[in-house]
Amino acid sequence: MNIMHPALRRLDLNLLPVFDAIYRHCSVRKAADELAMSTSALSHALSRLRATLNDPLFYREGHRMCPSVYAAQLAPSIASALKFLNQELTPQPEFEPFSSTECLKIAITDFTAFCIFPALMHRLQCQAPGLRFELRYLPHSPALNELLAGEMDLALGFSTPEDTRHPELEEINWLEDEYVVISNASRTQLTFEDYLTARHLVVTPWNEKRGVLDSQLEQMGYSRQIAIKTPSMLSAPFIVAESDLLMAIPRIAAEKLIPALAIRLFELPFKIPSFEVKIYSHQRSGKRGATDWLKTVLQALATERVSMKQPPR
């Protein structure tokens, strides 16, 4: 059987700092002081190291501990290895939001950016003014490969009941919302029959062939007439405001658009499961402190939004 690192398996690695300290100080006492050990404990450690390496390593010359030829050969490599390990094994510092200048790469859609980032940036201008973001369009949900490769730190996407759960990803249900319908301002009602006879604009952020509503209508034995498919939610409401098209859209987005556009909002005239906006992160995230803190802030924003919607008692 091939045994990995046979030399290291024979050696107690705790003895290497002992070797390095004696070599640098040329003194058992000074080495013991540096390592917070007693001189007898350090001498015992040196004896173990001599036995393991089969070399005296150091010999006394007056008040000095002088290295053997073998020890002099080992010393630079041991010092370099200890320095490297000390640097690499330093614990990750605690994330300090107010002073942080980290840049988080976040996968988004038009919808998630529109609904989340205005309130988020308002909150962070006081709590984390130096925190930076690089937003990229979510190529697909839930951006598993990009999160796994470290190309993204978080993904903000939405899910449907048919979505597959990925055990590699950590999911937080950020917001649950319902679909409503927007139209131009001249429409006065929207029955189920009106909905089926109208023409529709459908937002497909990943250029998917069919939307959730079309799957639901098919199960009910119906279909709708789709006039436009677009990956951009930004342009879609403006198209609706200037045409006879209908558009199904999350309520939170519709309510934000009403003051800015000549549109009307209607309840969706058939039942469909609500959808959830989710925050996805990978278990191996390299910016765990920053992403965990940001997820906490996002959850607080979601809780505040839900409480604002509750009717007063």
Side-chain angles (χ1 to χ4, degrees), residues 1-105 128 130-132 134 144-154 167-170 281-295:
M1 182 176 64
N2 183 26
I3 300 176
M4 295 290 290
H5 310 300
L8 293 180
R9 288 170 65 91
R10 294 187 296 106
L11 178 67
D12 181 352
L13 297 182
N14 290 315
L15 300 177
L16 295 184
V18 170
F19 174 95
D20 180 66
I22 297 173
Y23 182 84
R24 286 185 290 104
H25 291 292
C26 300
S27 167
V28 170
R29 181 183 60 79
K30 291 180 180 180
D33 289 342
E34 178 182 292
L35 298 174
M37 300 172 64
S38 66
T39 54
S40 61
L42 189 132
S43 296
H44 177 68
L46 178 58
S47 296
R48 291 175 56 203
L49 192 58
R50 284 167 166 164
T52 301
L53 297 180
N54 194 29
D55 188 88
L57 298 177
F58 299 96
Y59 59 93
R60 189 171 295 280
E61 192 173 271
H63 296 292
R64 292 171 55 84
M65 294 292 287
C66 298
S68 68
V69 172
Y70 182 47
Q73 292 173 348
L74 289 178
S77 297
I78 290 177
S80 176
L82 290 175
K83 181 180 179 181
F84 175 78
L85 288 173
N86 189 61
Q87 290 174 342
E88 294 299 313
L89 297 178
T90 300
Q92 291 291 319
E94 291 290 330
F95 177 70
E96 295 291 344
F98 188 78
S99 59
S100 175
T101 58
E102 285 196 58
C103 180
L104 295 179
K105 297 177 181 178
L131 194 61
R132 297 172 294 127
E134 185 176 319
L144 173 63
N145 293 333
E146 290 76 13
L147 289 166
L148 176 62
E151 297 171 7
M152 303 288 180
D153 300 305
L154 292 175
E168 302 94 334
L169 297 184
E170 295 177 351
S281 59
H282 201 278
Q283 295 173 351
R284 295 190 229 161
S285 172
K287 298 177 181 176
R288 174 64 66 188
T291 55
D292 283 351
W293 181 83
L294 184 61
K295 286 188 285 187

Would you check if L294 and D153 make a side-chain contact, meaning some heavy-atom pair closer than 4.5 Å? no
Would you compute the distance between atom CG of D12 and atom CG of L49 and round it to the nearest 0.5 angstrom? 9.0 Å
Within the distance-only criterion (no hydrogens, no angle test), does the side chain of S43 pair as donor or acceptor with the backbone N or O of T39 below 3.5 angstrom? yes
If you measure from OG1 on T291 to NZ on K295, what distance do you get to the nearest 0.5 Å? 5.5 Å
Considering all heavy atoms, the nearest P67-Y59 contact: O-CE2, 3.7 Å
K30, NZ: over 12 other non-hydrogen atoms inside 6.0 angstrom: no
Between NZ on residue K105 and CZ on residue R132, distance to nearest 0.5 Å: 10.5 Å
So do the side chains of H25 and D33 get within less than 4.5 Å of each other, counting heavy atoms only? no
Stepwise, does the side chain to side chain contact (heavy atoms under 4.5 Å, CB included) test hold for L131 with F95? CA-CA 11 Å; L131 194 61; F95 177 70; 4.2 Å; yes
Looking at A31, is its backbone amide N or carbonyl O close enough to the side chain of R24 to form a donor-acceptor pair, meaning the two atoms are under 3.5 Å apart? no
Which heavy atom in Y23 sits nearest to a heavy atom in A72, and how many Å separate them? CE1-CA, 4.2 Å
Closest non-hydrogen atom pair between L42 and I22, with its separation: CD2-CD1, 3.6 Å
Check E170, E94, E102 against R288 for a salt bridge (Lys or Arg N to Asp or Glu O under 4.0 Å) and give me the one that passes. E170
Point-to-point distance, once rounded to the nearest 0.5 Å, from OG of S77 to CG of D20: 11.5 Å
Scanning both residues in full, the closest heavy-atom pair of S281 with L154 reads CB-CD2, 3.5 Å
Rounded at 0.5 Å granularity, tell me how far SG in C26 sits from CZ in R64. 4.0 Å
Heavy-atom closest pair, residues L147 and M152: CD2-O, 3.5 Å
CZ-CG distance between R48 and N14, expressed to the nearest 0.5 angstrom: 8.0 Å
For the residue pair S68 and D55, what are the closest heavy atoms and their distance? OG-OD2, 2.8 Å
